[in-house]
Amino acid sequence: PFLRQADPNSILAASLLAMVQDPDPRVRHQLAFSLGEFRDTRTGAALMTLAHANPDEALLLDAVFSSAAQQLRPMIQSLGTESIPPLPVLERLVQLAAAQGDDEALTRVVATALKSQMPNGALTRFHALGTLLDALDHRDASTPTRIDWSTFVPVFSHAEEVVFNFEADEPLRLAALRIIGRSPGAPPIATRRLTALLSPQNSLRWQQAVLTALQRRQEPETVDGLVV
């Protein structure tokens, strides 16, 4: 409780925020929990710094996002135009925004991923959009969604190209398969095109992903009749 009352201009506040760069993982882990009690305009940026610098530390990300409930908007606002969060961080931001029903934050997070010009930029875009779609699937159907889907049309189009490009790397094709045909208002991918991807020459992981894509279409008779 004393952190809630701490003066943002105090030495304590400055020392606490400086710990985001501490080399001891135990210190960073405890800091992530403590920041949830700290009422300071810089808290969101500090949490994002911790997450951005430690994307492969699942326990630390758990601690960061346990403190992020009141800091989602500040965390997103701290993202620079050239700084794309690592994929594990992006996915958690999307999940948190979806859980809070904050469609503006959802759109902004995914739009950040769309700007990625990194070598694995397409993979990041597909995964971020896939996480968004999965999160919305778990939302109450009666809850209206205020997302401008036109922003994502180029990503959906690119994903369809990748899925049917047999020369593309499998991880990229899997990420693309996760989102094709799920663009609201767009015509679905023909079932016969998807079932054609169930060639035995493809990996088991790929065939399972194709079956999942078919199941999303709510055509159980189609899936039940397939033998992989």
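- Here Ser199 pairs with Gln201 under the side chain to side chain donor-acceptor pair (under 3.5 Å) rule; sequence neighbours left out.
- Side-chain atoms of Asp169 do not come within 3.5 Å of backbone N or O of Pro171 as any donor-acceptor pair.
- What you find for Pro25 and Glu57 is that their closest heavy atoms are CB-OE1, 4.5 Å.
- Arg178 places no side-chain N or O within donor-acceptor distance of the main-chain N or O of Leu174, the cut-off being under 3.5 Å.
- Side-chain N or O atoms of Ser157 include none that pairs as donor or acceptor with a backbone N or O of Pro154 at under 3.5 Å.
- Looking at Arg28, its side chain never comes within 3.5 Å of a backbone N or O of Leu60 through a donor-acceptor pair.
- Taking all atoms of both residues into account, the shortest heavy-atom contact from Ser67 to Ala32 is OG-O, 2.5 Å.
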Checklist line | Stepwise salt bridge (Lys or Arg N to Asp or Glu O under 4.0 Å) check, Glu167 with Arg173 | finding: CA-CA 10 Å; Glu167 300 301 320; Arg173 293 182 74 207; over 6 Å; no

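- For Arg26, the side chain to side chain contact (heavy atoms under 4.5 Å, CB included) partners two or more places apart in sequence, or in a different chain, are Asp24.
- Contact record, Val89 with Ala51: CG2-O, 3.4 Å, taken as the closest heavy-atom pair.
- Checked against salt bridge (Lys or Arg N to Asp or Glu O under 4.0 Å), Asp62 has the following partners two or more places apart in sequence or in another chain: Arg92.
- A search for side chain to side chain donor-acceptor pair (under 3.5 Å) contacts involving Glu170 returns Ser203, not counting sequence neighbours.
- Identified under the salt bridge (Lys or Arg N to Asp or Glu O under 4.0 Å) test for residues 94-109, with sequence neighbours left out: Arg73-Asp102, Arg73-Glu104, Asp103-Arg139.
- A side-chain donor-acceptor contact under 3.5 Å links Gln100 to the backbone of Ala69.
- Taking the side chain to side chain donor-acceptor pair (under 3.5 Å) definition, one finds that Gln95 meets it with nothing, sequence neighbours left out.
- In terms of modelled atom types and a separation under 3.5 Å, the side chain of Asn54 and the main chain of Leu61 share no donor-acceptor contact.
- One finds the CG atom of Leu123 at 6.5 Å from the CG atom of Leu87 (value rounded to the nearest 0.5 Å).
- Nearest approach of Leu17 to Ala46, heavy atoms of both residues: CD2-CB, 3.8 Å.
- Residues Ile179 and Phe156 come closest through the heavy atom pair O-CE2, 3.4 Å.
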